[in-house]
Amino acid sequence: MMFSRSNRGLTLIEVVISLGILVFMGAMTWQTIAGSLMLRDILEYEDSVSRSARVAMDQIKKEIRVAFLTSNTAAVNTYQTVFIGKDGGDEDQLWFNSMAHRRKYVGAREGDQAEVTLWVEKGTRETEQVLFHRESGRVDHEPEKGGVVLPMITHVKTFNLRYLDGTINEWTDEWDSTGPDQSNRLPRAVEITLVIEKEHPETGDEQTFTFLNTVVLETAVPMKRSLLAGDGGGRKLPI
Amino acid sequence: MNLQTRQHRRSGVALLVAITTVAMLTIMVTEITYIARMRLMTASNQRDRVQAYWLAKSGTGIYQLILAANKQIGKNEFIQQFGLGDSLWQMVPSLNTGMMRMLFVSDSAGSDVDEEDIETFKSEGTVSEKVAEESREGGVFNDRNFLDFSGDFSAEITDMESKIDINQLGSEGDVLQDSPTASRLFSLMSGEDNDQWFLERNLDRWELIGNLKDWIDQDTYRSGGLGGQEDSLYANEDPPYLSKNAKFDTTDEIRLIEGWNGELFEKFRDKLTIWSRGKFNLNSFDEEMHRALIRATSLSQPSDAQLDMCFAGTEGSVLSAWDVASFNTGQDYATFVMNNCGIELDASKITNVTKQSQVFEVISTGMVGTSTVTITTIFDYSGSSTGRVKYIRIE
């Protein structure tokens, strides 16, 4: 039987070569796509960690920077301001009053003052540590109650705070403005260490990201020049 | 179907594979580019915001310098003799680097600011790129100009002694109408326009002032004419709260007071303070505060027309008598008002007058690109030559 050249089928060698080229092209394409997908996952992973940590840190810094304590301490049954930091190893807690509150509704009976609490505990999934933030737009005599609680950041490994005592120029792990040592006083600065531990999408290993910031409290009493210079006018700086 | 068409169909498989591959790659590249652009924009905004924050800080810092110098100059007895003890900060009521750039560019040879630049500055508060670029160029003595930075800041200063300190309401006796602070506040809320404003909203001024006093004072009874318990005003709020029975800690706290959470606070907030310890610097009053003081201390209530005449400038003169007047005591003030306005004041009611302001509010705004940061700071120089920060808000 005679076939025209155009109606003739493919020879085995042609099929093998064309399949080979197709497989090669497919493999190359897949490699490129898989690489791109992996790159996207890694970018998203790193982005999500750094962005959420940065947003959380910015919020914490903004609130701590304008922390305040009232000088009207007589009204304890109606109004109390505090700055209390408790050392809990890698899971510190902080209660304070800030002037960073933003009203969300026109006509709301809220000013710029707020009660704020920061603490770490297990989230709803019970698998990861979450940094929680409580904010109450009205300051009352119960600085640890009321307001709205929202998670700030997940996968928290460490939330550590240190406080600079401006009168002695020393860092401490705890602060209590209701106690005798720091009575109605704010620390001059707060050092915030936030460590996030999250599984890497490619390797599956736990990877840690550390964010460290120091915030100067604007309304705290400025440190004495003698303490800063160590010129003999006050207690010397530790060597 | 002819032979040629069938041949085209067979070769379409390769085309399909190619198109699919290119499409998938395009989607991937587009997505990655989009993510990268988003990251870049987020980072740029973050960078601009940080720059804007430090520009705003610069504006605040410059005023801190001016106020420190003001404090030192104020101690000089020779300068005090001429009544210039508290004049330095008043000479620089505002700073605006955008305006400085325009002045700088318009002064330099071969350059000029056109109408479009002026309109842009008026509407957006920022200068055009051309003006900004020219203003950064160095001069004869230096390669760099002092305006050689990106972005701009504007800052303004006001003293708290030119406002009414509502924290004094708690320590001025039980009868509201006898309180000098309440009386000045009522006068501030008076006048034909204000009378109409309160009438339209069915608001009782003495009740509103009484609510402020009740927030601060130690008793539990309402000071206004309606009587009753202070805390009943807030019992139906969600959640309910109590009167503070202590002084205000921030001006915005006034929003918690019954009747003051809305437009009333916005209308008068610029005239209220909690920081001045009841002192008044008559030399830094604006017209509205002068009117309020005259109404509060005059022996016979002046009409709006009388006060309008009192504050009308002299024809052909840029400065009015108020602009050049200087008051050291309440008696000085009463004499001036009598001579210039024909209104007799009770000088004994003009108390707590100071010649030198001690507490200042500096509002500084930094602008970079579309990012804007405003810092409001209250500095108290009463106990310190370097000033204590009593309040700060960053927005």
Side-chain angles (χ1 to χ4, degrees), chain A residues 4 6-7 18 21-22 25-26 28-30 32-33 35-37 39-40 43-44 46-47 50-51 54 58 62 65-66 68-79 81 97 99-103 106-113 136-141 146-147 217-222, chain B residues 3-4 6-7 10 13-14 17-18 20-22 24-25 27-29 31-32 35-36 38-39 42 46 49 167 216 218 231 234 237-239 241-258 260-263 375-378 384 386 388-395:
Chain A
S4 68
S6 59
N7 286 339
S18 61
I21 293 169
L22 197 66
M25 281 175 62
M28 292 296 287
T29 310
W30 174 246
T32 310
I33 291 171
S36 303
L37 286 169
L39 180 64
R40 189 194 63 178
L43 280 177
E44 277 183 0
E46 289 187 354
D47 198 33
S50 64
R51 192 176 56 227
R54 193 171 62 217
D58 279 354
K62 196 171 73 179
R65 182 179 288 144
V66 295
F68 80 103
L69 290 171
T70 182
S71 53
N72 306 310
T73 49
V76 286
N77 294 323
T78 55
Y79 186 90
T81 54
N97 292 91
M99 297 185 285
H101 183 65
R102 278 173 183 269
R103 290 183 317 133
V106 174
R109 290 200 181 189
E110 293 173 3
D112 47 4
Q113 302 171 24
S136 171
R138 286 193 201 130
V139 179
D140 56 22
H141 63 297
L217 278 71
E218 302 274 0
T219 59
V221 178
Chain B
L3 185 63
Q4 200 177 5
R6 285 209 302 272
Q7 277 178 329
R10 281 193 207 114
V13 175
V17 170
T20 310
T21 308
V22 169
M24 287 180 79
L25 282 171
I27 291 168
M28 294 304 302
V29 168
E31 191 181 344
I32 289 172
I35 292 170
M38 284 298 109
R39 283 162 61 100
T42 310
Q46 186 78 11
R49 197 169 161 75
N167 265 341
I216 306 168
Q218 294 291 320
D231 293 334
Y234 313 107
E237 290 298 314
D238 182 27
Y241 55 100
L242 303 170
S243 287
K244 187 178 179 183
N245 293 340
K247 289 180 176 179
F248 289 96
D249 279 277
T250 61
T251 314
D252 245 43
E253 194 183 323
I254 297 172
R255 290 184 193 277
L256 272 73
I257 312 297
E258 171 70 17
W260 286 86
N261 54 323
E263 54 186 341
I375 303 176
T376 305
T377 318
I378 304 281
S384 151
T386 52
R388 275 285 310 275
V389 176
K390 301 296 269 188
Y391 173 82
I392 183 161
R393 184 160 175 83
I394 304 160
E395 291 175 298

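Since the structure is predicted, the reported quantities are computational estimates derived from the model, not experimental observations. Order of the sequence lines fixes the chain letters, A, B, ..., with proteins taken first and strands second; residue numbering starts at 1 for each chain. When reading the values below, keep in mind they use all heavy atoms of this one structure, side chains included, and skip hydrogens, waters and symmetry mates.
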Peer 1: Of all of Q46(B), R388(B), Q218(B), which one pairs up most often with chain A through heavy atoms under 4.5 Å apart?
Peer 2: Q46(B)
Peer 1: Please give me the minimum heavy-atom distance between H101(A) and R393(B), naming the atom from each residue.
Peer 2: O-NH2, 2.8 Å
Peer 1: When heavy-atom pairs shorter than 4.5 Å are enumerated against chain A, which of T250(B), V389(B), I394(B) gives the highest number?
Peer 2: T250(B)
Peer 1: R39(B): what forms a side chain to side chain contact (heavy atoms under 4.5 Å, CB included) with it, not counting sequence neighbours?
Peer 2: L43(A), D47(A), I35(B)
Peer 1: Please classify the contact between D238(B) and chain A as side chain, backbone, both or neither, with a heavy-atom cut-off of under 4.5 Å.
Peer 2: backbone
Peer 1: Can you name the side chain to side chain contact (heavy atoms under 4.5 Å, CB included) partners of L256(B), sequence neighbours left out?
Peer 2: R138(A), W215(B), Y241(B)
Peer 1: In the structure I gave you, are the side-chain heavy atoms of T377(B) and E218(A) within less than 4.5 Å of one another anywhere?
Peer 2: no
Peer 1: What are the two closest heavy atoms between F68(A) and D249(B), and how far apart are they?
Peer 2: CE1-CB, 4.2 Å
Peer 1: Name the member of E395(B), M24(B), K390(B), E237(B) that forms the most heavy-atom pairs with chain A at distances under 4.5 Å.
Peer 2: E237(B)
Peer 1: So what's closer than 4.5 Å to chain A heavy atoms on I392(B): side chain, backbone, both or neither?
Peer 2: both
Peer 1: Are the side chain of N72(A) and the backbone N or O of K247(B) linked by a donor-acceptor pair below 3.5 Å?
Peer 2: yes
Peer 1: Let me know if L37(A) has heavy atoms under 4.5 Å from chain B in its side chain, its backbone, both or neither.
Peer 2: both
Peer 1: Only pairs of heavy atoms separated by less than 4.5 Å count here; which of E263(B), E258(B), K244(B) has the most with chain A?
Peer 2: K244(B)
Peer 1: Is any side-chain heavy atom of R255(B) less than 4.5 Å from a side-chain heavy atom of E110(A)?
Peer 2: no
Peer 1: Stepwise, does the side chain to side chain contact (heavy atoms under 4.5 Å, CB included) test hold for R54(A) with T42(B)?
Peer 2: CA-CA 11 Å; R54(A) 193 171 62 217; T42(B) 310; 3.6 Å; yes
